[in-house]
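The structure appears right after this line, and notes come after that.
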Amino acid sequence: MKFDILTLFPEMFEAVKQSVIGKAIEKQLIQINLINIRDFSKDKHKKVDDTPYGGGAGMVMMPDVVYDAYSSIQNKENAKVIYLSPKGKVLNQEKVLELSKQEHLILLCGHYEGIDQRVIDEIVDEEISIGDYVLTGGEIPAMVLVDSVSRYIQGVLKQESTQEESFTNNLLEYPQYTRPQEFMGLKVPDVLVSGNHQEVEKWRQQQSLERTKQNRSDLLE
């Protein structure tokens with residue numbers, strides 16, 4: 001999987017290149033390329049935004065600068081271009097699995113009051129939001145998308161690691177425990193140390209149902 005990320009702040013993405021994602025990069029299972037949109041400004045001060053037509057607060061990223069940055073990406077004929085925006089459809093597990101089947105994703109990170117609509121209409125295939133709130137830019141949503149999608153690339157995680165977790169079968173994950181068996185007077189549930197695998201599975205299923213009912217009853221619908 002190849003990720004090309006168009007951003008004004010490429011240094012922010014050093015955080016995502018750690019842990020599991022970092023190991024996946026080392027194994028060449030995924031590739032992350034950062035394109036600094038500001039590098040394509042024709043202004044001597046590297047200006048990338050201007051005031052919005054029609055008035056209003058804030059600034060809007062200029063279409064020509066964004067388009068030139070996009071045009072610099074090689075071999076993008078089969079890539080899917082995603083604009084991270086609060087106006088997009090909310091990212092969920094179904095969309096994550098769908099995107100993990102792509103070979104090349106181009107992620108466009110907006111800033112300020114957003115990006116001139118003309119370049120969005122020209123190059124973007126889909127707008128995606130990570131929730132019903134507004135952030136200062138698209139970099140954090142892009143990191144969320146890279147992290148969530150990369151987990152489903154073959155070889156990044158053990159297959160069983162993604163089979164029993166939250167949102168699998170529309171249920172939240174059951175609680176997990178490890179050593180020590182007693183902590184601050186609290187003991188691990190007896191069923192988990194019983195050695196009875198059938199009872200363990202039954203307990204986990206029950207816990208998943210209860211937690212889903214309590215925290216995300218909409219998933220059960």
Side-chain angles (χ1 to χ4, degrees), residues 1-18 20-50 59-91 95-130 135-156:
M1 167 73 80
K2 180 182 179 183
F3 295 95
D4 281 306
I5 304 174
L6 298 159
T7 172
L8 292 175
F9 300 96
E11 62 275 8
M12 290 181 66
F13 288 89
E14 290 306 312
V16 82
K17 295 181 181 180
Q18 310 299 319
V20 171
I21 304 301
K23 292 176 182 177
I25 293 171
E26 290 177 5
K27 294 177 182 177
Q28 299 183 341
L29 298 172
I30 65 172
Q31 180 182 351
I32 299 177
N33 299 317
L34 302 171
I35 299 98
N36 191 336
I37 296 171
R38 201 175 297 279
D39 289 343
F40 296 85
S41 173
K42 300 175 181 66
D43 181 83
K44 66 179 181 180
H45 301 296
K46 295 298 180 181
K47 184 178 180 182
V48 296
D49 60 338
D50 211 330
M59 305 288 276
V60 178
M61 290 175 65
M62 296 184 289
D64 54 340
V65 180
V66 174
Y67 187 79
D68 288 347
Y70 163 77
S71 297
S72 73
I73 299 172
Q74 303 295 313
N75 303 316
K76 57 180 176 293
E77 293 76 17
N78 297 318
K80 186 180 184 70
V81 182
I82 296 172
Y83 175 38
L84 285 309
S85 163
K87 295 181 292 184
K89 293 182 179 179
V90 177
L91 183 67
K95 175 58 67 174
V96 166
L97 290 169
E98 177 189 321
L99 293 176
S100 71
K101 295 177 174 61
Q102 298 285 326
E103 293 184 1
H104 188 185
L105 294 177
I106 299 174
L107 309 183
L108 175 58
C109 305
H111 249 274
Y112 314 119
E113 290 301 309
I115 298 174
D116 188 297
Q117 186 64 40
R118 291 170 292 180
V119 74
I120 295 173
D121 294 340
E122 184 68 26
I123 69 172
V124 170
D125 296 309
E126 185 173 3
E127 295 188 36
I128 289 180
S129 166
I130 62 166
L135 299 172
T136 56
E139 283 74 19
I140 293 175
M143 291 181 207
V144 169
L145 192 146
V146 169
D147 189 282
S148 59
V149 168
S150 295
R151 298 176 72 254
Y152 289 91
I153 305 302
Q154 186 174 3
V156 174

(message) Quick check for you: to the nearest 0.5 Å, what is the distance between N36 atom CG and S72 atom OG?
(response) 10.5 Å
(message) Minimum heavy-atom separation for C109 and I5, please, with both atom names.
(response) SG-CG2, 3.9 Å
(request) Give, for atom CG of L145 and atom OG of S129, the distance between the pair rounded to the nearest 0.5 Å. (result) 11.0 Å
(message) For P63 versus V119, what's the shortest heavy-atom pair and its separation?
(response) O-CG2, 3.7 Å
(request) Give a yes or no on whether Y67 atom OH has more than 12 heavy-atom contacts from other residues, nucleotides or ligands under 6.0 Å away. (result) no
(message) So for atom CD, which belongs to E11, do other residues, nucleotides or ligands contribute more than 12 heavy atoms lying within a distance under 6.0 Å?
(response) yes
(message) Please determine whether the number of non-hydrogen atoms from other residues, nucleotides or ligands lying under 6.0 Å from atom NZ of K46 exceeds 12.
(response) yes
(message) In the structure I gave you, are the side-chain heavy atoms of I128 and L99 within less than 4.5 Å of one another anywhere?
(response) yes
(request) Take V124 and I115 through the side chain to side chain contact (heavy atoms under 4.5 Å, CB included) test and state the conclusion after the steps. (result) CA-CA 11 Å; V124 170; I115 298 174; over 6 Å; no
(request) Taking all heavy atoms of V156 and all of L29, pick out the closest pair and write down the distance. (result) N-CD1, 3.7 Å
(message) Quick check for you: to the nearest 0.5 Å, what is the distance between I123 atom CD1 and Y83 atom OH?
(response) 10.5 Å
(message) Per the ring pair (Phe, Tyr, Trp, His ring centres under 6.0 Å) rule, what does the pair list look like for residues 105-130, sequence neighbours excluded?
(response) F9-H111
(request) List the atom of K76, the atom of S71, and the distance in Å for their closest heavy-atom pair. (result) NZ-O, 3.4 Å
(message) What I'd like to find out is whether the side chain of K95 reaches to under 4.5 Å of the side chain of E126, using heavy atoms alone.
(response) yes
(message) Looking at every non-hydrogen atom in both residues, tell me the closest pair between I25 and K17 and how far apart they are.
(response) CD1-CG, 3.9 Å
(message) Testing the basics here: between V96 and Y152, what is the closest heavy-atom pair and its distance to 0.1 Å?
(response) CG1-CD1, 3.9 Å
(request) Kindly indicate whether the side chain of K42, heavy atoms from C-beta on, has any atom under 4.5 Å from the side chain of D64. (result) yes
(request) May I ask you to decide if M62's main-chain N or O and D116's side chain share a donor-acceptor pair within less than 3.5 Å? (result) no
(request) Report yes or no: does Q18 contribute a side-chain atom to a donor-acceptor pair with the main-chain N or O of E14 at less than 3.5 Å? (result) yes
(request) Measure the CD-NZ distance between Q31 and K2 for me, rounded to the nearest 0.5 Å. (result) 5.5 Å
(message) To the closest 0.5 Å, what do you measure between CD1 (I82) and CD (E127)?
(response) 11.0 Å
(message) Could you check whether any side-chain heavy atom of V20 comes within less than 4.5 Å of a side-chain heavy atom of R151, counting everything from C-beta outward?
(response) no
(request) Would you please test L108 and I37 for side chain to side chain contact (heavy atoms under 4.5 Å, CB included) and show each step? (result) CA-CA 10 Å; L108 175 58; I37 296 171; 4.2 Å; yes
(request) May I ask you to decide if V48's main-chain N or O and S41's side chain share a donor-acceptor pair within less than 3.5 Å? (result) no
(message) With heavy-atom distances below 4.5 Å as the criterion, would you say the side chains of I73 and L6 are in contact?
(response) yes
(request) Could you tell me the separation between the CG atom of L84 and the CD1 atom of I130, rounded to the nearest 0.5 Å? (result) 8.0 Å
(request) State, with a plain yes or no, whether a side-chain heavy atom of F3 is found less than 4.5 Å away from one of V149. (result) yes
(request) Flag the pair Q117 / D121 as yes when at least one side-chain heavy-atom distance between them is below 4.5 Å, and no otherwise. (result) yes
(message) Would you say that more than 12 heavy atoms from the other residues, nucleotides or ligands in this model lie under 6.0 Å from the CD1 of I140, or not?
(response) no
